[in-house]
Amino acid sequence: MTYEPAAVEAKWQTFWEEHRTNEPDLDAAERPFFNLMMYPYPSAEGLHVGNLYAFTGADIYGRFRRLQGDDVFEPIGYDAFGIHSENHALKVETHPMELIPSNIRNFERMLRAAGLMTDWSRTVDTTDPAYYKWTQWLFVQLFNAGLAEKKEAPVNWCPSCQTVLANEQVIAGRCERCDTPVEQRQLSQWFFKITKYADRLLDNLEWIDWSPSTKTAQSNWIGRSHGASLRFPISGHDAGDETIEVFTTRPDTVFGATFMVLAPEHPLVDVVTTDDRRREVEAYAREAASVDLVERQKTEEKEKTGVFTGGYAVNPATGAEIPIWIADYVLMGYGTGAIMAVPGHDERDHQFAGAHGLDILPVVCSRDALPDGTDPTSADLGVGDGAFVEHTADEVLINSDRFSGMEAIAGGRAIVEWLAERGLAEERVNYRLHDWCISRQRYWGPPIPVIYCEACGPRAVREQDLPVLLPYVEDFRPTATGVSPLARVEEFYETTCPECGGEAHRETDVSDTFLDSGWYFLRYPSTEYDDRPFDADRTRTWLPVASYIGGEEHAVLHLLYSRFLTMVLKDLGHLEIEEPYARFRKHGLLIKEGAKISKSRGNVILPDDYIVRFGADTFRMYLMFLGPFQVGGDFRDSGMAGPRRFLNKVWASVTDALEAGREGFEDPAVERALHATIKQVTEDLESLDYNTAIAALMDYLNTIRAGGRTASLDEVRPLAVLLAPIAPHIAEELWERLGGAPSVFDHAEWPAYDPAVLVVDELDLPVQVNGKLRATIRVARGASQEAVQEAAVAEENVARHLNGGEIRKVIHVPDRLINLLVS
RNA sequence: GCCGGGGUGGCGGAAUCGGCAGACGCAUCGGACUUAAAAUCCGAAGGGAGUUAUCUCCCGUGUGGGUUCAAAUCCCACCCCCGGCACCA
């Protein structure tokens, strides 16, 4: 009987479903293991091979843990709210409320066909009111804690999606979803104060077990820099003590600040600009505002543009009046949107000074560059071609009044202290991270649960009134006005105040999709509770997530947001955990024949086709064999043949072994190979090195079939178990045929290897002469140098290369090699 | 520019506490089976040279140096590819 994957896979998928094989008892689990994968967005095109690649890798690990005795909980859900879904619905002119359920059904079908160990009794759909009721509850918790705030701020606006975007959703100046260049707009939006958690988010990275590259990406995104905030009084200003605040990481260079630059959007531009300069300044600011982010980045290498405002500020260190310019190289979104320009020690300021004829004053130099006897308070070192940016313990301050001669880093601290006495400076930590903008002027999301009352102000919807249902709206197209389509729905918009009962209206923005996904993992163990988002006992048992595997593209999105929300929930007393994921591993990127997989290239891989042609087991195995899982690899149709042939041969070997009916091990080499294979596969699965685990299994099969021999039952039985994480269906079938009680995942034990069996009596030892391989000799394990050397020189080829010369040195690494050195 | 990851046969990739480079697989070639093909099974294979049952030698892990008895692996300089960030003060 030949191997027919379709029949085998249908049989076991039915078995798992009927026997609820993959539904652990969440309250009785002794060794709970929450195995999480990143839930998909249920697109109309169906499950993407990239999804399946990630899921298979996570599923193998979950099945491996289960065979080792853990109670593995492996749920799945659907990230079905959001702009992506809505844009697609608009394109095909079908309402998302109709589209999403059919997409989800299609996903379920494909996920079942792929043979995942999914617990189908606990799925999550973010568009289900029973789910988003708690997404809204989460918003209310943050609102009541003062962590959600509506404020006017410069935000990213996507003119195509007609909504604002979070910083994290702007990729190289373009909309993450539609690739349209993003514009800056000043709008009133809802923000979550994630910056309050910046230090904790950064510091915890030191102890969580995550892929190092993901940690680095997150750490760079948070971008903590230590420095100082300095205040420069505006001179001759009639308002009196108005100052311009700047952030700098180099307070030691303040004596060299010869001008200031404000971002064109800076609120003080209007104040400092003199009447004769106003027209030019306004023209420049208008010009800068009209340029989108993509264009703005292209100008990076070009000459730095800017205009003089006519205004002056006082350098708080020198007392000198310095001109105030505006320029688009200063960004409103970082620091204070204003800088003190130190052209001697900052590349950009140097370029700007060069382009506009501004003074350059060196105030730092390396200790060696200062000739003995020079007075550092008036060192005339001239001005070099570029800025001198070195900032180590080897630099000293010059031309900095009484701080001259001090080591630069210590001098910086002293200067801040000195200025602080006059209230003009303080030490400051600044972050690249911004508060998380969570409001979206779109339809397809959970309405933000806020009610505006003339009398009482903005109020959160009361918990008993949740969910605020998203109404069915025929025309859900976004508008260019910055107002959500929900504003057109009177029954939704008009409401009463929960406080005073008076007339009020609802917030019409919906929340960002990343709020839905920010807590979904908390819901899985508690899906049956409709009176709480997550049950305390269940959460204590199952959280934090034991293993999370996903793509690194979420390093600064989902993975950052969900960490933040977890910390907030902990602080508010709803959770006991500090971090949501005990272990996170990123998987690699799948490419197709050397090219990125994308719809526009037309090289999209449909898992369905491959599963029908080769079977899910072969497909799973190939996906994991084509390269290291954590690195990625190249998908080629031709590669599918290898795993398929391998499974055919496994099937044939078991069939033959059953027919022959022999027990035991006749060949000690085969038994040794089995133990070596168990060791290798166990270690490789634990470290997610699936490609080499599969290679080890192939190697073992080659060994037991060498020269057309028929394997014994003892030789093939462990194979069914070792194969089970990777190819679960065929493993179930073979396990059953070999007399095991189904399911293999409930009744098999992960095989153990015996280190004693791995020990060999004899081994092949390479012999080198002067570092070059000249022979290989068979020696006893642990043979002495004398014995090895004697055997080595007896080799004809070794003797020839020794050429009668005197052996002046011997390098012998026991059981590894011997190297004879002759002159 | 900065931060990650990487560069190994025709191809995907193994091997990095320095110790037989190319495991495993794909494609290829030879043979068996077959009327034939497919499938399957057995075998060969980094490149070059000599000898050609077998064996031997030289070269070889992006480039150039270095350390070492010994380097894909360590050090220095550089080139290229992929991903992320990007005028971050």
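It should be emphasised that the depicted structure is a prediction, and the values quoted were computed from it without experimental measurement. Proteins come first, then strands; the chains are lettered A, B, ... in the order of their sequence lines, and each starts at number 1.
- For A/R432, counting side-chain heavy atoms from C-beta on, the closest listed nucleotide (B/G19, B/C85, B/C3) is B/C85.
- Computed from coordinates, the A/I597 CD1 to B/C82 C1' distance equals 15 Å when rounded to whole Å.
- The residue A/N797 sits close only to the backbone: its heavy atoms come under 4.0 Å of sugar-phosphate atoms, none of a base.
- Taking the nucleotide of RNA chain B with the nearest heavy atom to each of A/G633 and A/Y431, the more 5' of the two is matched to A/G633.
- Taking each heavy atom of A/A288 and A/D328 in turn, the nearest pair found is CB-CB, 4.4 Å.
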Original post:
What string of B, S and - do you get for nucleotides 21-33 of chain B, 5' to 3', when a contact is any protein heavy atom under 4.0 Å?
Top reply: --BBSSS------
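- B/A15 and B/C88: their P atoms are spaced 40 Å apart (whole Å).
- The distance between atom CD of A/Q630 and atom P of B/G6, rounded to the nearest whole Å, is 12 Å.
- For the residue pair A/T305/A/Y284, the side-chain donor-acceptor check at 3.5 Å is satisfied.
- At the heavy-atom level, A/R348 lies under 4.0 Å from base atoms of the strands shown.
- Cation-pi check for A/R585 over A/W210 is not met; the charged atom does not lie both under 6.0 angstrom from the ring centroid and within 45 degrees of its normal.
- Counting any heavy atom pair closer than 4.0 Å across all strands shown, A/N819 reaches a base atom.
- Salt bridge A/K586/A/E553: absent, no basic N to carboxylate O contact under 4.0 Å.
- The same atom, C1', is picked in B/C59 and in B/A21; the two are 14 Å apart, to the nearest Å.
- Here the side chain of A/L626 is nearest to one of B/G12, B/G19, B/A89, namely B/G12.
- Between A/R774 and A/E796, none of the side-chain N atoms (NZ, or NE/NH1/NH2) sits under 4.0 Å from a carboxylate O, so this pair counts as no salt bridge.
- To the nearest whole angstrom, the two P atoms, one in B/U61 and one in B/G10, are 13 Å apart.
- A/R774 comes within 4.0 angstrom of the backbone, heavy atoms only, and of no base.
- Following rounding to the nearest Å, A/L701 (CG) and B/U40 (C1') show an atom-to-atom distance of 14 Å.
- Rounded to a whole angstrom, the distance from the P atom of B/C74 to that of B/G1 is 25 Å.
- In this structure, A/R705 reaches the sugar-phosphate backbone alone: every heavy-atom distance under 4.0 Å involves primed, P, OP1 or OP2 atoms, never a base.
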Subject >> Stepwise side chain to side chain donor-acceptor pair (under 3.5 Å) test for A/D764 and A/T776 >> reply: CA-CA 6 Å; A/D764 294 313; A/T776 306; over 6 Å; no
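- Considering only side-chain atoms of A/K772, the nucleotide from B/C20, B/C3, B/C59 that sits closest is B/C59.
- The CZ atom of A/R778 sits 17 Å away from the P atom of B/C20 (whole-angstrom rounding).
- If you check every strand for non-hydrogen atoms under 4.0 Å, A/L817 touches a base.
- In RNA chain B, runs of at least 3 consecutive Watson-Crick or G-U pairs, each pair with both distances below 3.5 Å, span B:1-7 with B:79-85, B:10-12 with B:24-26, B:28-32 with B:40-44, B:46-50 with B:55-59, B:62-66 with B:74-78.
- At the heavy-atom level, A/R636 lies under 4.0 Å from the strands shown only through sugar-phosphate atoms.
- Within 4.0 Å (heavy atoms only), A/H434 reaches no atom of the nucleic acid at all.
- For the pair A/K304 and A/Y329, the distance from NZ or CZ to the six-membered ring centre is under 6.0 Å and the angle to the ring normal is within 45 degrees.
- Comparing B/G25 with B/C75, their P atoms sit 34 Å apart, to the nearest whole Å.
- Comparing the C1' positions of B/G9 and B/G22 gives an interatomic distance of 7 Å, to the nearest angstrom.
- The gap from the P atom of B/C58 to that of B/A23 amounts to 22 Å, rounded to the nearest Å.
- Nucleic acid contact class of A/P628 (heavy atoms, under 4.0 Å, all strands): sugar-phosphate only.
- Counting to the nearest Å, the C1' atom of B/G4 and the CD atom of A/E553 are 16 Å from each other.
- The nearest whole Å value for the distance from the CD atom in A/Q789 to the P atom in B/C69 is 18 Å.
- One can place NZ of A/K586 at 11 Å from C1' of B/C82, the figure rounded to the nearest angstrom.
- With a glycosidic angle no more than 90° from 0, B/G9 adopts the syn conformation.
- For the OP1/OP2 pair of B/C57 and a distance below 4.0 Å, the side-chain nitrogens and oxygens of A/H801 include at least one atom meeting the criterion.
- The aromatic ring centres of A/Y622 and A/F614 sit 6.0 Å or more apart.
- Checked against a 6.0 Å centroid threshold, the rings of A/F635 and A/Y610 count as neighbours.
- Atom CH2 in A/W651 sits roughly 17 Å away from atom C1' in B/U40 (whole-Å rounding).
- A side-chain N or O of A/S213 and one of A/E552 form a donor-acceptor pair less than 3.5 Å apart.
- Less than 6.0 angstrom separates the ring centroid of A/F352 from the ring centroid of A/W325.
- Comparing A/D634 and A/N220 along RNA chain B, the residue whose closest nucleotide (by nearest heavy atom) sits nearer the 5' end is A/N220.
- B/G18 and B/U73 have their C1' atoms separated by 6 Å, given to the nearest Å.
- With sequence neighbours left out, A/D815 forms a side chain to side chain donor-acceptor pair (under 3.5 Å) with no residue at all.
- Nucleic acid contact class of A/L821 (heavy atoms, under 4.0 Å, all strands): sugar-phosphate only.
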